[in-house]
Each structure stands twice: as C-alpha cells, then as structure tokens.
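Down below is the structure, laid out as structure tokens.
Proteins come first, then strands; the chains are lettered A, B, ... in the order of their sequence lines, and each starts at number 1. Heavy atoms only: backbone and side chains are in, while hydrogens, waters and symmetry mates are out.
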Amino acid sequence: MSETVITRFAPSPTGYLHIGGARTALFNWLYAKAKGGKMLLRIEDTDQARSTEGAILAILDGLRWLGIDWDGEPVYQLSRAERHREIAEQLLAAGHAYRCYATPEELQAMRERARAEGRAPGYDGTWRDRDHSDAPAGMTPAIRFKAPREGETVIEDRVQGRVVFANKDLDDLILLRSDGSPTYMLSVVVDDHDMGITHVIRGDDHLTNAARQTQIFKALGWETPIYAHVPLIHGPDGAKLSKRHGALGAEAYRAMGYLPAALRNYLVRLGWSHGDAEIMSTEEMISWFDLDAIGRSAARFDFAKLENLNGHYLRATPDAELIEHLKALIPDLPEGGSLAAQIGADGWQKLERAMPGLKERAKTLIELLDSAAFLFATRPLTLDDGALKQLDAQGRETLAALLPALQGVESWTPQALEACVRGFAEATGRKLGKVAQPLRAALTGRATSPGIFDVLEVLGRDEALGRIGDQVGLGHA
RNA sequence: GCCCCCUUCGUCUAAUGGUUAGGACGCCAGGUUUUCAACCUGGAAACAGGGGUUCAAUUCCCCUAGGGGGUACCA
C-alpha cells in the first residue's frame with residue numbers, strides 16, 4: 001500500500017513555457033499518470049515585478065498544445081500569501097526565524113567584503129542573535145530563517161542519489177521581505193505541504209534549494225516530499241540555453257511546424273530512456289516511465305533528431321487530422337492571412353487529396369505547406385531554377401509531343417495517366433524520367449514533388465493541361 | 001572564490017567486473033525509383049586524462065581537466 005502520488009509543475013510566469021519547463025511538465029505528468037496519481041499546476045507568481053498575465057497565458061497554452069493537462073484549477077501562489085505569512089510568524093514564534101534589519105546597502109557591502117576576503121558571500125547572521133531593541137526606529141524588518149549552523153542536510157534524491165550539504169554553507173535566507181511579502185523559498189515549502197505534494201520533479205538548478213527547503217520543512221515539523229532533480233537541457237552547442245539559441249517557447253516549436261506528439265516523444269528521450277525504445281506512444285511512455293531511468297547528465301537539444309521524429313509522426317497522422325493541424329496553425333504564421341485566402345475552401349479539399357503524397361516527404365508542417373504551394377498557384381506558374389532546367393528546349397519539345405496524348409486520356413485517374421505517359425515514353429523511345437521531370441516542372445514549377453501521376457490527378461484535367469500548355473507555348477486555356 | 005552535480009560514437013542514449021561496447025538521429029556508400037522523400041543493405045564513428053583496487057576494469061575508489069548549476073528582500 002502506498003499513498004497516492006501527487007506531483008506538480010510550478011512555473012514562474014516571467015516568460016514563455018521554454019523547452020526545459022516543457023520537459024519538466026512532461027515528466028511530472030508522466031509520473032503522475034504512471035502511478036495513477038495527480039499532477040497539479042502551481043503558478044509561482046510571487047515575484048510581482050516580473051510576473052505577467054501574458055506569460056501565464058503562454059504557459060497554459062503551451063501545456064495544452066503539448067497535450068499535458070493538470071488536475072484541478074491552477075494554484076496561484078500569490079493568492080496564498082496570507083497563509084505564507086502566517087507560517088513565517090509561526091516560525092518566528094517558535095524561534096526558527098528572526099527579524100533582520102539590515103538594509104540592502106549593508107547586505108551589498110557585506111557581500112563585497114566577503115568576496116574580497118574570499119569567504120562565502122551569504123548573510124553573516126548579524127541580526128540572528130542581536131537583540132530586538134537594537135532595531136533602528138521606524139524600520140520594518142525582513143524575517144530570516146534561522147538555519148542550522150552545525151551538521152549537514154541530506155537530500156535523498158531519486159535522480160541524483162544522496163547529496164550532502166554542510167549546513168555551514170547554507171545561510172539564513174529571507175522568509176518574508178520587509179514589505180511583508182513571502183519569498184519563493186517559504187512559499188514553495190508551504191504550498192508543497194498544503195497541496196499534499198508527494199514528489200517534486202524539477203530542474204537540477206533547484207538542487208541547492210532542496211537543501212534549504214528541507215531545513216524549513218524540518219523546522220516546521222513537516223515531512224519533506226520525495227525529490228527528483230532532473231538535469232537541464234543545453235543548447236545545440238552545449239552552452240546554457242539562452243534566447244539566442246534554443247531557448248524557445250512552446251509556441252515557437254508549434255510555429256516551426258512540429259507536432260505535439262513528436263515533441264513529446266523527443267523530449268521524453270532527453271534524459272530518460274527505456275532500453276532501445278525510441279518511438280513510443282503516449283500510452284507506452286506512461287506505462288514505462290519511472291524516475292530511476294532518468295539520467296544524471298545534461299542533454300543537448302538536437303533539431304535534426306526532432307525533425308526526423310516529426311517526419312515520422314507526420315507520416316503516421318491521418319490526413320484529416322493533419323488538415324486540422326494546418327488550419328489551426330496557419331492563422332499564426334507570418335504570412336498566414338494571405339495564405340489562407342490563397343487556399344480557399346476548394347484548396348483544402350485539394351490539399352487533403354494530395355496529402356498522402358505530401359506528408360510522405362515533409363519533416364514539418366511548414367515544409368508540408370511549402371511543398372503544397374503548387375496546388376494553389378495560379379497560371380502561369382513561376383518556375384524555380386530546378387524547374388527551369390527541366391524545361392529546356394528538349395523538355396518543352398517532349399511536353400509538346402506528350403500533350404495530345406494526355407488530352408486523349410478518357411478517365412483522369414492516376415492509373416490511366418500513368419499508362420498514357422509510360423506508353424508515350426516507350427513509343428517515342430524516351431526514358432520515363434525524361435518525360436516525368438519536364439512534366440513535373442510544368443505542373444508544379446519545381447523539380448521535386450509528390451508522384452507525378454497523383455499531381456496530375458489532383459490538379460484536375462483542365463488545370464493540368466493548361467499548365468502544360470503554358471510551357472509549350474499554347475498558353476491559355 | 002565557495003558549495004553541489006555531471007563526463008560512453010558529432011548528438012540522444014543502452015549495457016556490463018571478462019561483450020566484436022548495442023540502438024537511434026546525423027554522416028558516407030550502395031540498392032530501389034518519374035523527382036524528392038520514405039524504405040532496404042553496408043560503413044566510418046565513443047568508454048575525457050592519470051593513478052589505484054582486482055586475475056581482469058568502460059564498469060568500483062581517488063585525483064586532474066572540462067562542462068553545468070547554485071551562491072538575491074528572483075523563481
């Protein structure tokens with residue numbers, strides 16, 4: 001018998017849902033699902049100066065897009081400030097905290113001095129034992145935690161193993177700012193306790209915090225949650241993820257044309273593995289996921305692998321579903337408005353019919369859209385360099401000879417069209433490629449496209465013959 | 001500076017006190033082919049360095065180097 005697992009994802013709304021946060025959310029979600037537990041969402045907005053409404057929305061949207069849901073309503077940490085203050089008072093009354101009257105300037109000077117003397121830059125504990133009556137008049141103090149000075153604090157981390165911190169290295173942190181607002185360190189402890197969090201799965205940038213939080217839990221006489229500190233994700237060059245490379249929000253990956261399922265699959269394999277399994281369904285992820293299989297070293301973000309996975313998921317997704325993804329995506333693209341107009345109602349039908357050939361070749365939805373451009377192009381087509389090369393004198397001559405044969409095709413089906421073109425090639429002693437390539441260029445304006453007989457069919461008799469005519473000088477139709 | 005964590009092919013990773021150190025992406029070659037993809041076959045590619053422990057270390061221990069995180073009245 002074991003208690004129900006309750007995890008939480010606790011982003012601070014100072015920016016978008018970045019890739020590291022997305023993976024943390026995914027791990028929390030998977031673990032909760034794997035254990036039949038719950039994942040709660042807590043918005044850590046206690047830094048009022050940096051938290052924004054827009055960031056909250058971006059994070060919630062990002063999670064929804066990724067297909068990660070949470071149990072109950074999100075908890076806004078700021079709304080619990082009263083409770084946090086109450087606990088700070090309780091700590092103060094119990095002698096586990098004290099009032100600190102040091103000014104920011106004094107603290108700054110203290111740090112500089114410590115640095116100059118080669119000591120730890122933490123708070124020196126000036127007000128720890130100093131009498132209350134020494135307090136400067138008219139000043140509201142901050143409340144500091146009276147951290148233990150002797151001994152050590154041990155974290156039994158499910159990922160990192162046993163991590164030991166000497167208490168002398170952990171200084172007296174602020175619990176309540178002088179304006180009475182609670183700090184992150186206090187709020188996290190109180191909220192994790194009150195929300196009944198059993199497992200804290202988060203980035204290993206919080207490892208030191210786990211030690212500090214453990215001390216607070218102990219002072220309060222509360223049981224600590226089980227910790228699992230996951231290594232961070234680095235940029236492709238191994239450096240810390242920054243806005244300049246890789247630290248993009250979920251919506252950026254969406255805009256680049258990645259599928260949520262592909263991103264989930266990619267992310268779950270960053271730092272976690274299940275034998276040789278690479279491509280796995282969400283159900284498989286849930287049934288296989290466990291904390292013990294999370295590695296301890298940081299991973300680099302590799303777009304090439306994400307693209308490969310995305311291509312796989314693109315091919316595996318039903319055509320109609322891809323259409324839905326595209327319809328949702330287009331309005332958010334830079335040229336989305338004009339593109340939507342260009343496609344029109346009739347274009348979506350053509351797109352769906354051409355989808356089997358299109359999705360086979362694309363790595364992202366953006367590529368898919370790009371390769372579908374010929375469907376919506378209007379005559380006469382603009383030819384790219386590759387197409388121009390195919391449509392040299394010889395190519396045009398071939399098309400001119402082929403045109404009558406195509407005009408004579410009774411039923412405009414891929415099968416009939418293929419029979420016609422192959423027959424033409426054979427009869428005139430040409431290799432099929434010598435016919436198919438100029439044809440492709442004339443029909444799509446490019447040198448690459450889905451199978452040429454499918455292209456002919458999707459375009460329809462009139463449009464296809466018109467495009468060929470344009471290239472052999474019979475332009476108009 | 002101090003504290004903590006990490007180190008297997010270019011990248012994500014598997015495995016093991018004795019293996020030809022496995023898979024995936026990427027790359028190269030070949031096949032297939034109406035193009036491009038996809039697909040198939042093959043190939044190059046790794047245990048950071050140095051000490052120990054041991055009959056035997058990639059695996060256990062120590063040191064060095066390199067990388068990362070933390071060190072706020074941010075979260």
By the 4.0 Å heavy-atom rule, please label [X] as base, sugar-phosphate, or nothing.
X: A/H229; result: nothing
X: A/D179; result: nothing
X: A/A102; result: base
X: A/V188; result: nothing

Return the nucleotide paired to [N]: Watson-Crick means purine N1 to pyrimidine N3 with N6-O4 or O6-N4, wobble means G-U with N1-O2 and O6-N3, both under 3.5 Å.
N: B/U16; result: none
N: B/U34; result: none
N: B/A44; result: none

Donor + acceptor pair across side chains of A/R440, A/Q437 (<3.5 Å): yes
Checking side-chain polar atoms at under 3.5 Å, does A/R264 have a donor or acceptor matched by the opposite partner on A/T282? yes
Give the B/S/- string for nucleotides 31-40 of chain B, one per nucleotide from 5' to 3', where a protein heavy atom under 4.0 Å of the base yields B, of only the sugar-phosphate yields S, and otherwise -. ---BBBBS--
Go through B/G22, B/C5, B/G69 for me and flag the one nearest to the A/D276 side chain.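 For the A/D276 side chain, the nearest candidate turns out to be B/G22.
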Table please: side-chain donor-acceptor pairs of residues 290-309 of chain A below 3.5 Å, with sequence neighbours left out.
unit_1, atom_1, unit_2, atom_2, d
A/D292, OD1, A/R158, NH2, 3.2
A/D302, OD1, A/A304, N, 3.1
A/K305, NZ, A/E278, OE1, 3.3

I'd like to know if A/K389 pairs up with A/D384 as an ion pair, taking the criterion as any Lys NZ or Arg NE/NH1/NH2 lying under 4.0 Å from an Asp or Glu carboxylate oxygen. no
Interface polar pairs with nucleotides 11-13 of chain B, N/O, under 3.5 angstrom:
unit_1, atom_1, unit_2, atom_2, d
B/C12, OP1, A/R300, N, 2.9
B/C12, O2', A/R269, O, 2.8
B/C12, O2, A/K305, NZ, 3.4
B/U13, OP1, A/G271, N, 2.4
B/U13, O3', A/S273, OG, 3.2

Classify the angle between the aromatic ring planes of A/H274 and A/W288 as parallel (below 30°), tilted (30 to 60°) or perpendicular (above 60°). parallel
List for me each residue that meets ring pair (Phe, Tyr, Trp, His ring centres under 6.0 Å) alongside A/H193, sequence neighbours excluded, and say none if there are none.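 Only A/W222 meet the ring pair (Phe, Tyr, Trp, His ring centres under 6.0 Å) criterion with A/H193.
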Sequence neighbours excluded, which residues qualify as ring pair (Phe, Tyr, Trp, His ring centres under 6.0 Å) partners of A/F424? none
Determine: side-chain N/O of A/T46 to OP1/OP2 of B/A75, distance under 4.0 Å, yes or no.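 Result: yes.
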Which residues pass the salt bridge (charged side-chain N to carboxylate O under 4.0 Å, His left out) test with A/R467, not counting sequence neighbours?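 Partners of A/R467 by the salt bridge (charged side-chain N to carboxylate O under 4.0 Å, His left out) criterion, ordered by chain and then number, come out as A/E463.
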With a 3.5 Å cut-off and just heavy-atom distances, do the side chain of A/N209 and the base of B/A75 make a donor-acceptor pair?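 A donor-acceptor contact between them is present.
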Can you tell me whether the side chain of A/S178 and the base of B/C73 have a donor-acceptor pair closer than 3.5 Å? yes
